[in-house]
Amino acid sequence: MANLINGKEVSAKVKNDVKEEAAALAAKGIEIGLAVVIVGDNPASRVYVNSKKKACAEVGFKSYEYALPEETTQQELLDLVDVLNKDEKVNGILVQLPLPKQIDENAIINAISPDKDVDAFHPYNVGKIMIGEYAFLPCTPAGVMELIDSTGTDIKGKNCVVIGRSNIVGKPMSMLLLHRSGTVTICHSKTTNLREICAQADILVVAIGRAKFVTADMVKEGAVVIDVGMNRLENGKLCGDVDFDEVEKKAGFITPVPGGVGPMTIAMLMKNTLTSAKKKNGLI
Ligand code: GUN
């Protein structure tokens, strides 16, 4: 039976460290602010945005919510980003994705000042990640690294398999594992021998958005299995990309859904917002 990786516990520690640093800055008169922008009424986005605001309150940051209607134009959103880029109270800007179809997500990401890009989605920050010089951490992949580290696993030389090649998770995840000297394979929907590759993984990270896609036969005995998926089943229950009940019997360590990667993403976002404030004030 696998050991459960407790994302709530690990994220609480990260947030607590952020909270202590934020309190020290507050004592010097430095207040930290995160702008959270949501366009439309995607229910999943609303849940994420609420969690991000709650986390801000927990660590002592101000959060500024901008909830825009579904029919917002690209120009209107660009105008808001411009205002937030110039707003001294705002250390981080988070525009919740996905955006309605009339808005080009890349145009918005490119417009966010790289200094306030706490998601690390701007090409400047993506480039920094590629060369291993992190201005901001890519939130979900950095959270996954914290979870892997919490198991005591040494990544160096290990077979690391990432399923999924998204800009948000799969690609930056591969880079972080590579920077820690893992031997990294990226699998995706066109990979022909996916099962065989996964079965070789000492560390398996799954981020594809397909409920229970990873079955026990795809997992090596004792592997560290990290499930980034968050799928809503017909019965309303949340479920990851991994068939938890079966894989749990074979893996060495496994993350639950919910309570695994999700809380980590938000904790790392808080860490990035703190980093932004420290940079602005010449403290790093
Ligand atoms: N949508 C899903 N995940 C994320 C994320 O990490 N950041 C933003 N901005 N939108 C998302």
Side-chain angles (χ1 to χ4, degrees), residues 7 11 14-15 34-56 61 63-68 70 72 74 77-78 80-81 84-85 90-101 103-114 116-126 129 134-147 162 164-173 175-176 205-210 226-232 238 240-241 257-258 260-273 275-276:
S11 68
V14 173
K15 281 191 287 188
L34 176 68
V36 184
V37 182
I38 178 170
V39 185
D41 38 37
N42 178 323
S45 290
R46 177 38 70 192
V47 172
Y48 289 132
V49 162
N50 288 349
S51 306
K52 288 167 187 178
K53 282 167 52 190
K54 184 164 159 260
C56 282
F61 297 171
S63 64
Y64 307 99
E65 179 180 312
Y66 295 83
L68 306 182
E70 181 76 29
T72 299
Q74 181 165 314
L77 186 52
L78 285 171
L80 173 60
V81 168
L84 297 175
N85 280 340
V90 171
N91 299 103
I93 301 171
L94 180 131
V95 178
Q96 187 66 30
L97 304 179
L99 292 168
K101 58 183 180 321
I103 302 177
D104 173 7
E105 286 183 356
N106 285 333
I108 304 303
I109 289 169
N110 290 347
I112 295 172
S113 163
K116 297 190 179 186
D117 170 38
V118 285
D119 266 320
F121 290 168
H122 190 285
Y124 173 83
N125 288 320
V126 173
I129 291 162
Y134 306 107
F136 291 119
L137 303 162
C139 298
T140 299
V144 170
M145 296 303 277
E146 293 276 338
L147 293 178
V162 178
R165 53 174 157 176
S166 69
N167 290 335
I168 296 185
V169 186
K171 285 186 215 169
M173 186 74 245
M175 281 300 133
L176 299 199
V205 181
V206 196
I208 48 174
R210 290 178 63 180
I226 309 283
D227 189 349
V228 183
M230 180 74 83
N231 310 289
R232 178 93 43 199
L238 282 178
D241 293 346
V257 176
V261 175
M264 291 307 298
T265 300
I266 297 175
M268 301 324 274
L269 176 72
M270 298 300 116
K271 194 164 170 172
N272 280 344
T273 308
T275 299
S276 175

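Just so you know, ligand 1 is whichever comes first in the structure, and atom 1 is the first atom listed for that ligand.
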Worksheet item: So which protein residues pack against ligand 1 under 4.0 Å, heavy atoms counted?
Response: K52, L94, V95, Q96, L97, D119, F121
Fill in: Pairing residues for Y48 by the ring-ring contact (aromatic ring centres under 6.0 Å, His included) criterion, not counting sequence neighbours
none
Discussion item. If you apply the rule salt bridge (charged side-chain N to carboxylate O under 4.0 Å, His left out), what do you find for K54 with E65, and how did you get there?
Written reply: CA-CA 12 Å; K54 184 164 159 260; E65 179 180 312; over 6 Å; no
Worksheet item: Considering only heavy atoms from C-beta outward, does the side chain of I112 approach that of D119 to under 4.5 Å?
Response: no
Fill in: Exceeds 12 heavy-atom contacts within 6.0 angstrom, atom CZ of R210
no
Fill in: Pairwise side-chain contact, I108 with Q74, heavy-atom cut-off 4.5 Å (strictly under)
yes
Discussion item. Using side chain to side chain contact (heavy atoms under 4.5 Å, CB included), reason through N91 and F61 one step at a time and then give a plain yes or no.
Written reply: CA-CA 10 Å; N91 299 103; F61 297 171; over 6 Å; no
